[in-house]
Amino acid sequence: HQSRHLPDKLIAWDGICFTVPDSWEIDTLEASHLLIGNDSTAQLEIKWTRTPRRLNPADFIKKFIRQIQRQLDITIQEAPTPHDFRHETDPLGFFFYTWTGHGASGCGAFIFCSHCRRLSLVRFFKTNHPDRLSCQILSSFQDHPAGQTTPWAVFGLALRLPGQFELKAFEFKPGEFRIELT
């Protein structure tokens, strides 16, 4: 069914916000890391960090790439920006790449926000080039709230909270959840 593959499910966690196909679910949730899959098969991974104010963003991205390659034991190579890719938010810069490792390969993008200085790694597992679906997901990506409130949407929970709230702790168990914000 075609509508199952359209990115229309909102995922929002600690300022990161994007849409994925409805059949995709969060498999791993950490303070600055999401692994999203379909039937427990990895489809998308997102990691993020804040960049230091004193460091040049280009230098930090190079350092981050080296660190990610070591952590994930993958090789990352720069790829051209897809000719039909568009994103409406000015402060976001996209650096597209392909990756290989552990007998698998895929594509992705590093996203740097000059407004909040957050650097995000978005990694797709089932495509070796930015296809239509991955471009749609990347086009929906936001890394900080646009207004006074921040969306939070995980595991069927969807709410908007004041933008100045920060994640302190969380726990998700079958039938129970806890999210502490300060």
Side-chain angles (χ1 to χ4, degrees), residues 1-30 32-49 51 57-58 60-62 64-65 68-69 71-72 74-147 150-154 158:
H1 188 262
Q2 181 71 355
S3 65
R4 287 181 50 197
H5 302 293
L6 295 175
D8 58 359
K9 176 196 279 184
L10 180 67
I11 303 284
W13 183 249
D14 199 22
I16 298 289
C17 181
F18 55 95
T19 57
V20 297
D22 193 46
S23 61
W24 291 16
E25 297 293 337
I26 296 172
D27 291 333
T28 301
L29 175 70
E30 296 173 12
S32 60
H33 177 244
L34 291 166
L35 185 63
I36 299 170
N38 186 9
D39 294 327
S40 297
T41 300
Q43 300 290 327
L44 170 65
E45 180 177 34
I46 300 179
K47 291 175 166 277
W48 60 92
T49 189
T51 63
F60 188 81
I61 289 172
K62 288 176 189 174
F64 190 65
I65 289 171
I68 289 296
Q69 288 183 120
Q71 279 180 350
L72 302 176
I74 62 174
T75 301
I76 293 174
Q77 292 194 319
E78 185 175 358
T81 299
H83 70 280
D84 57 348
F85 177 74
R86 301 282 178 270
H87 196 281
E88 302 300 318
T89 306
D90 256 357
L92 293 181
F94 289 79
F95 171 88
F96 286 85
Y97 66 90
T98 58
W99 65 270
T100 57
H102 304 284
S105 61
C107 69
F110 288 97
I111 306 169
F112 177 72
C113 179
S114 59
H115 173 74
C116 68
R117 299 193 60 87
R118 188 181 300 206
L119 177 63
S120 303
L121 165 135
V122 179
R123 181 165 75 130
F124 295 96
F125 289 87
K126 298 298 174 189
T127 180
N128 291 327
H129 64 284
D131 61 8
R132 183 172 172 245
L133 177 59
S134 59
C135 284
Q136 288 175 325
I137 292 169
L138 289 169
S139 291
S140 72
F141 184 89
Q142 297 294 322
D143 72 345
H144 62 273
T150 300
W152 293 79
V154 292

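Here, residue 1 is the first one in the sequence, and each next residue gets the next number.
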inquiry  = Would Phe110 and Tyr97 count as a ring-ring contact (aromatic ring centres under 6.0 Å, His included) here? Give the steps.
reply    = CA-CA 8 Å; Phe110 288 97; Tyr97 66 90; 4.9 Å; yes

request  = Please step through side-chain contact (heavy atoms from CB on, under 4.5 Å) for the pair Thr75 and Gln69, ending with a clear verdict.
outcome  = CA-CA 6 Å; Thr75 301; Gln69 288 183 120; 4.2 Å; yes

query = To the nearest 0.5 Å, what is the distance between CD1 (Ile46) and CD1 (Ile137)?
reply = 8.5 Å

request  = Grab the two heavy atoms, one from Gly106 and one from Asn128, that are nearest each other, plus how far apart they are.
outcome  = N-OD1, 3.4 Å

key: Side chains of Asp8 and Thr19 in contact at under 4.5 Å (non-hydrogen atoms)   = no

ask   = Does any N or O in the side chain of Thr150 come within less than 3.5 Å of the main-chain N or O of Gly15, such that one atom is a donor and the other an acceptor?
value = no

inquiry  = Give me the atom names and distance for the closest heavy-atom approach of Ala12 to Pro151.
reply    = CB-O, 3.3 Å

inquiry  = With a 4.5 Å cut-off on side-chain heavy atoms, are Gln142 and His87 touching?
reply    = yes

ask   = What pair of heavy atoms forms the shortest contact from Phe141 to Leu92, and how long is it?
value = O-CD1, 3.8 Å

message = Can you confirm whether Leu121 sits close enough to Phe64 that some side-chain heavy atom of one is under 4.5 Å from a side-chain heavy atom of the other?
response = yes

task = Considering non-hydrogen atoms only, spot the tightest contact between Cys116 and Cys113 and give its length.
result = N-SG, 3.4 Å

query = Is Phe96 close to Pro80 at the side-chain level, that is, under 4.5 Å between some pair of heavy atoms?
reply = no

request  = Show your reasoning for whether side-chain contact (heavy atoms from CB on, under 4.5 Å) applies to Phe124 and Leu138.
outcome  = CA-CA 10 Å; Phe124 295 96; Leu138 289 169; 4.0 Å; yes

request  = Determine whether Ile68 and Ile76 make a side-chain contact, defined as any pair of heavy atoms from C-beta on separated by less than 4.5 Å.
outcome  = yes

message = Please determine whether the number of non-hydrogen atoms from other residues, nucleotides or ligands lying under 6.0 Å from atom CD of Gln71 exceeds 12.
response = yes

remark   = Rounding to 0.5 Å, atoms OG (Ser105) and NZ (Lys126) come to a distance of 9.5 Å

message = Just so I know, are the side chains of Ile16 and Ser32 near enough to count as touching, which here means a heavy-atom distance under 4.5 Å?
response = no

query = If you look at every heavy atom in Gly101 and Ile74, which pair is closest and at what distance?
reply = CA-CG2, 4.3 Å

ask   = Could you state the interatomic distance from OG1 (Thr51) to CZ (Arg117), rounded to the nearest 0.5 Å?
value = 4.0 Å

message = What I'd like to find out is whether the side chain of His33 reaches to under 4.5 Å of the side chain of Glu45, using heavy atoms alone.
response = yes

query = Are the charged groups of Glu30 and Lys47 less than 4.0 angstrom apart, N to O?
reply = no

message = Regarding Thr41 and Asn38, do their side chains bring together a donor and an acceptor under 3.5 Å, going by distance alone?
response = no

N/O donor-acceptor pair under 3.5 Å between Ser139 side chain and Arg86 backbone = yes

message = Any heavy-atom pair between the side chains of Arg123 and Leu72 that's under 4.5 Å?
response = yes

Distance (rounded to the nearest 0.5 Å) between Cys135 SG and His83 NE2 = 9.0 Å

ask   = Looking only at heavy atoms, which two atoms of Thr127 and Ser134 are closest? And how far apart?
value = CG2-OG, 4.5 Å

request  = Kindly indicate, with the supporting measurements, whether the criterion side-chain contact (heavy atoms from CB on, under 4.5 Å) is fulfilled by Arg118 and His144.
outcome  = CA-CA 9 Å; Arg118 188 181 300 206; His144 62 273; 5.5 Å; no

request  = Kindly indicate, with the supporting measurements, whether the criterion side-chain contact (heavy atoms from CB on, under 4.5 Å) is fulfilled by Phe18 and Leu44.
outcome  = CA-CA 12 Å; Phe18 55 95; Leu44 170 65; 3.8 Å; yes

query = Step by step, would you call Trp99 with Phe125 a ring-ring contact (aromatic ring centres under 6.0 Å, His included)?
reply = CA-CA 9 Å; Trp99 65 270; Phe125 289 87; 5.5 Å; yes

